[in-house]
Amino acid sequence: MKAAPGSDVTPQDAATAFLTFDDNGLLPRLFGKHDQNLARIEQELGVAVTSRGNRVSIAGSGWATEAARGVLEGLYRRLKSGVELSSGEIDAAIRLTLQGADGVGDHTEIRTPKRRVVARSPTQAAFLRAMSEHELVFAVGPAGTGKTYLAVARAVATLTAGDVDRIILSRPAVEAGERLGFLPGDLRDKVDPYLRPLYDALHEMMPGDKVLRRMEDGDIEVAPLAFMRGRTLVNAFVILDEAQNTTPVQMKMFLTRLGENSRMVVTGDLSQVDLATGTLSGLSDALSTLVEVPGVTVVQFSNADVARHGLVTRIVKAYEQRDQQRKDGSGQR
């Protein structure tokens, strides 16, 4: 890790590190209200952090001291670049460091009209790079890992830059099943609840009035998977969300919609398949079928990449442990 301006840390100084920051005006935001950001770093990395003026000392084991130094340096660089720090940013910086990465400030970033989106784990960084380098990307893993959020961010950034003419966001409305006809309203009213997460992600990246204008102009389309049949999607950034709920026939139909100068991202969680019992998931089928196809890449997320509230990570782990215990128990009978 590179030292921040004014740092007098040396590789031999394993037990204590000292940092000197050159902009006192940024320190209240770096340290957090009542030094809560420093306290978070202390708690997660097992170090003692002391601040006096613009000078910080970090004491602990050799690795932990260097890790805490890297976290503070990365967060300070982000503040200097004009990015505000949230509790999520602090946790992301610590997570990246614990997973062997070199801090938030050095990782892939997307700028959208409304916010900057930064990878919060090495896998998220790999996903962002994959979407830039490949025409078809599968992102597979548990809820809360940022698959849809990052895909929409990349789509919005690509549209804003003029690299594509439109964004197409789609999901299967599997949960409705045969009950769709009994829901109130017209077809849009019936399917909109299943597309709401995509609308939410869009509004995270763009002001609401711009989202509405783009949708009215046809630059952004949010539609159920069935609406993709028979189309060729040209000059578009196309996202299929909740792809575990497609059948193999539906998945093949969707993937073959890809047209010239288009990119496609398929996201899903194979642990949350809502298809009828015994029905093969189109996502699972595609992953096994297309693994060797040039231009296709797969990014596999895990519970270590969960970027929501810390409780979500613990919930995901608890369910995984329960499922493993049930599997082990059934194998013993």
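Each residue takes its place number in the sequence, starting with 1.
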Asker: Side chains of L72 and I58: does their closest heavy-atom pair fall under 4.5 Å?
Answerer: yes

Asker: Which heavy atom of F31 sits nearest a heavy atom of G53, and at what distance?
Answerer: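 Scanning both residues, the minimum pair turns out to be CE1-O, 4.4 Å.
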
Asker: Please check if any side-chain donor atom of R154 sits under 3.5 Å from a side-chain acceptor atom of S132, or the reverse.
Answerer: yes

Asker: Can you check whether I239 reaches I168 side chain to side chain, under 4.5 Å on heavy atoms?
Answerer: no

Asker: Using a distance-only test with no angle check, is there a side-chain donor-acceptor pair under 3.5 angstrom linking T145 and D305?
Answerer: no

Asker: Would you say L136 and T297 make side-chain contact, with heavy atoms under 4.5 Å?
Answerer: no

Asker: Please confirm whether the backbone N or O of Q244 pairs with a side-chain atom of S281, one donor and one acceptor, at under 3.5 Å?
Answerer: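 Present.
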
Asker: Check step by step if side chain to side chain donor-acceptor pair (under 3.5 Å) holds for D269 and Q272.
Answerer: CA-CA 6 Å; D269 178 2; Q272 297 190 27; 3.2 Å; yes

Asker: Pairs of donor and acceptor atoms involving the side chains of residues 252-262, under 3.5 Å and at least two apart or interchain, shall be tabulated with distances.
Answerer:
residue	atom	partner	partner atom	Å
T256	OG1	K252	O	2.8
T256	OG1	M253	O	3.0
R257	NE	M253	O	2.7
R257	NH1	R231	O	2.9
N261	ND2	D163	O	3.4
N261	ND2	N235	OD1	2.8
S262	OG	L233	O	2.7
S262	OG	N235	N	3.0
S262	OG	A236	N	3.0
S262	OG	A236	O	3.4
S262	OG	E260	O	3.4

Asker: Side chain to side chain contact (heavy atoms under 4.5 Å, CB included) with A201: which residues, sequence neighbours excluded?
Answerer: V152

Asker: Looking at R326, Q324, Q325, which hits side chain to side chain donor-acceptor pair (under 3.5 Å) with D328?
Answerer: Q324

Asker: Assess the side chains of D22 and Y76: does a donor N or O sit below 3.5 Å from an acceptor N or O?
Answerer: yes

Asker: Quick one: sort the F301 and F127 rings into parallel, tilted or perpendicular, breaks at 30° and 60°.
Answerer: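 It falls in the perpendicular class, over 60°.
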
Asker: Is any side-chain heavy atom of M215 closer than 4.5 Å to a side-chain heavy atom of E221?
Answerer: no

Asker: Do you know the tightest heavy-atom contact between L159 and I167?
Answerer: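 Nearest heavy atoms, L159 then I167: CD2-CD1, 3.7 Å.
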
Asker: Please walk me through it: do V56 and F18 pass side chain to side chain contact (heavy atoms under 4.5 Å, CB included)?
Answerer: CA-CA 6 Å; V56 172; F18 297 96; over 6 Å; no

Asker: Are the side chains of R55 and L19 in contact, using a 4.5 Å heavy-atom criterion?
Answerer: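 Not in contact.
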
Asker: Using a 3.5 Å distance criterion without hydrogens, assess whether the side chain of Q250 forms a donor-acceptor pair with backbone atoms of T246.
Answerer: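 Not a single qualifying donor-acceptor pair exists.
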
Asker: For the pair R213 and D217, find out whether any cationic side-chain nitrogen is under 4.0 Å from an anionic carboxylate oxygen.
Answerer: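 Not counted as a salt bridge, because no side-chain N and carboxylate O are separated by less than 4.0 Å.
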
Asker: Provide the closest heavy-atom pair for S170 versus M228 in the form atom of the first, atom of the second, distance.
Answerer: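 In terms of heavy atoms, the two residues are closest at OG-CG, 4.1 Å.
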
Asker: Show me the donor-acceptor pairs, under 3.5 Å and distance only, between side chains in residues 41-51 and residues at least two apart or in other chains.
Answerer:
residue	atom	partner	partner atom	Å
E42	OE2	V49	N	2.7
E44	OE2	R40	NH1	3.2

Asker: Salt bridge or not for R69 and E66, using N-O below 4.0 Å?
Answerer: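 Yes, charged N to carboxylate O under 4.0 Å.
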
Asker: State plainly whether the residues D241 and R171 are in salt-bridge range, i.e. N to O under 4.0 Å.
Answerer: yes

Asker: Below 4.5 Å, heavy atoms only, C-beta onward: do M131 and L128 meet side chain to side chain?
Answerer: yes

Asker: Within the 4.5 Å heavy-atom criterion, are I110 and M205 side-chain neighbours or not?
Answerer: no

Asker: Looking at side-chain heavy atoms only, is the closest gap between N245 and L283 below 4.5 Å?
Answerer: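 No, side chains not in contact.
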
Asker: Under 4.0 Å between a Lys/Arg side-chain N and an Asp/Glu carboxylate O for E204 and K114?
Answerer: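 Salt bridge flag = no for K114 with E204.
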
Asker: More than 12 heavy atoms of other residues, nucleotides or ligands under 6.0 Å from CD of E320: yes or no?
Answerer: yes

Asker: Checking side-chain contact (heavy atoms from CB on, under 4.5 Å) between L287 and each of V140, V266, V296, which is the one that passes?
Answerer: V140

